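To keep things clear, I will list the structure first and then write my remarks on it.
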Protein chains: 2
Amino acid sequence: MTTRDQIIETADRLFYHGGFEATSFADIAEAVGISRGNFYHHFKTKDAILEAVVTLRLARTRAMLEAWHTEAPDPRGRIRAFIHMLIANRAQIMAHGCPVGTLCLELAKLDHAAQHRAAEIFGLYRDWLAGQFHALGHGARAEALALHLLGWSQGTAVLIAALRDEAFLQREVAGIEAWLEGLPLSPNTPHKDPACSSPS
Amino acid sequence: MTTRDQIIETADRLFYHGGFEATSFADIAEAVGISRGNFYHHFKTKDAILEAVVTLRLARTRAMLEAWHTEAPDPRGRIRAFIHMLIANRAQIMAHGCPVGTLCLELAKLDHAAQHRAAEIFGLYRDWLAGQFHALGHGARAEALALHLLGWSQGTAVLIAALRDEAFLQREVAGIEAWLEGLPLSPNTPHKDPACSSPS
DNA sequence: ACGAATCTAGGACAATCGTCCTAAATTCCC
DNA sequence: GGGAATTTAGGACGATTGTCCTAGATTCGT
């Protein structure tokens, strides 16, 4: 792995754990084990390293979504792979929140130029999930369902980071899966009796 | 209003808009219109001003919850008052996220000593909402329902801050209200057909 | 009205920030 | 193998950070 890649990798981790603003050039350089001068040779500004991190996250998200697409045979299984992230990464989420949500919120507060590019990670999930809901037969509502699921998982991530309530996480994941199973298969099915996603 | 109150008030606003770490003593002092020496006389450390801000937010949240309790006649109306926050503050939430969620996430990343006190604001909402659900007849599930609603609104806040999709906000609020109306009135009612909160 | 307490202003302090420079060390190409 | 390009180290730069100090200005109790 090149020095540049090590820098991006380390910055990605430190930005997630401590936030973008609170992580300094010196922190990254020390964690990588190089001098600040060497760091500067690869990245002239802090915005440049942030842009590289966002680019890395976009690429990794795309790769993960593609992997889910090939590994899971049906749309419901793929959506379940998305939901499973909350369980698999629960320790990290409880400690530092969701990497995407926390970065977007911080960049929004800083009014940073890269905030829209960071939000594009959410866009990837939204479009991919919408594709799965479309495959499940929900044509016009596919994107709305995707955003609903995305928001549901984001809210769960925020609360478990703030309250460290793992039982709540388990209930919400169960609730999301029940909601997914209960979705009408056909989009033309009238939705007269709107169901509720109350925790079991 | 005393100088100290002005400082807390201004710090509260600046912490919300720009974040705790990114807001400096000089920023607050300049916004209030006082010298840094004067500032130091009232607050010796940055942690002290943060603690005062958290205390203010806790008090204001308590007062707001009490006001909702007296203004709205029934538990459902009170819960709707909570939900209405998303609509009333949508411009601010789109620009800076939810004040509670963003502060808790930032303090978690900084591993700040005040993170649990900040999370107690969520605790106030949780307990108050649980009280309303309890009054609606959901005994044992009241707290789970409260956390579910809290997470739902948090997820909505994160996504509208990142994606600036106001239509999504409207759909989620409508979805929350429909979910609230669809909740069984009696807790003993068997919940065999778990409803889903799919966007309309 | 006068001493005491409080408030305010302005600057000093070391540390750290992002940024930039120079000069070695290394790698690469021919 | 030798010249060019790249990579690395280490320090300097001004600006800003949180913190602290001193000395006037103001307020207050008596």
Side-chain angles (χ1 to χ4, degrees), chain A residues 1-56 102-103 106-115 117-118, chain B residues 1-56 102-103 106-115 117-118:
Chain A
M1 185 156 48
T2 68
T3 302
R4 182 187 162 89
D5 290 338
Q6 287 186 52
I7 292 175
I8 302 176
E9 205 75 44
T10 305
D12 180 39
R13 191 182 74 246
L14 293 184
F15 286 173
Y16 175 38
H17 288 184
F20 169 67
E21 182 91 352
T23 303
S24 69
F25 271 44
D27 292 334
I28 306 173
E30 189 187 12
V32 177
I34 61 174
S35 65
R36 284 161 298 150
N38 192 1
F39 192 109
Y40 179 74
H41 172 260
H42 292 282
F43 296 98
K44 304 295 181 192
T45 67
K46 206 180 178 187
D47 293 354
I49 168 71
L50 173 63
E51 189 192 335
V53 167
V54 172
T55 300
L56 174 71
T102 53
L103 180 64
E106 183 177 4
L107 296 185
K109 295 223 179 217
L110 298 175
D111 207 16
H112 196 282
Q115 62 180 307
R117 241 174 83 79
Chain B
M1 183 152 52
T2 68
T3 302
R4 183 188 160 88
D5 289 339
Q6 287 185 53
I7 292 175
I8 302 176
E9 204 75 44
T10 305
D12 181 40
R13 192 182 73 245
L14 293 185
F15 286 174
Y16 175 38
H17 288 183
F20 168 68
E21 181 90 352
T23 302
S24 69
F25 272 43
D27 292 334
I28 306 172
E30 188 187 11
V32 178
I34 61 174
S35 65
R36 284 160 297 150
N38 191 1
F39 192 108
Y40 179 73
H41 172 258
H42 292 283
F43 296 98
K44 305 293 182 194
T45 68
K46 206 181 178 186
D47 292 354
I49 168 71
L50 173 63
E51 189 192 335
V53 166
V54 172
T55 301
L56 173 70
T102 54
L103 180 64
E106 182 178 4
L107 296 184
K109 295 221 180 220
L110 298 175
D111 206 16
H112 196 283
Q115 61 181 308
R117 242 174 82 79

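Quick note on labels: first sequence line is chain A, next is B, and so on, each numbered from 1. Please read all numbers here as calculations on a predicted model, not as lab measurements.
The CG atom of A:Asp27 sits 14 Å away from the C1' atom of C:dA15 (whole-angstrom rounding). When the P atom of C:dA23 is taken as reference, atom OH of A:Tyr40 falls 16 Å away, rounded to whole Å. In this structure, CZ of B:Phe25 is placed 18 Å from P of C:dG10, rounded to the nearest angstrom. Across the protein-nucleic acid pair, B:Arg36 atom CZ and C:dC13 atom C1' stand 12 Å apart, rounded to whole Å. Atom pair A:Phe43:CZ and C:dC20:P shows a separation of 16 Å (rounding to whole Å applied). Note: NE2 (B:His41) to C1' (C:dG11) measures 18 Å, nearest angstrom. The CG atom of A:Leu14 sits 12 Å away from the P atom of C:dC17 (whole-angstrom rounding). When rounded to the nearest whole Å, the span between CZ of A:Phe39 and P of C:dC20 equals 14 Å.
Counting heavy atoms from C-beta outward, A:Arg117 and A:Thr55 have side chains that approach closer than 4.5 Å. The shortest distance between side-chain heavy atoms of A:Ile8 and A:His42 does not fall below 4.5 Å. A heavy-atom distance below 4.5 Å is found between the side chains of B:Leu107 and B:Leu50.
Nearer the 5' end of DNA chain D, as judged by each residue's closest nucleotide, is the contact made by A:Arg4, out of B:Lys44 and A:Arg4.
You can see that DNA chain D meets the heavy atoms of chain A within a 4.0 Å-exclusive cut from D:dT7 to D:dA12, reading 5' to 3'.
Counting any heavy atom pair closer than 4.0 Å across all strands shown, B:Thr23 reaches sugar-phosphate atoms only and no base atom.
In this pair, B:Phe39 and B:Phe25 present their aromatic rings tilted. The plane angle is within the 30 to 60° band.
The backbone N or O of B:Phe20 lies less than 3.5 Å from no partner atom in the side chain of A:Lys109, so there is not a single donor-acceptor pair.
Counting only N and O atoms by type, the side chains of A:Asn38 and A:Ser35 include no donor and acceptor under 3.5 Å apart.
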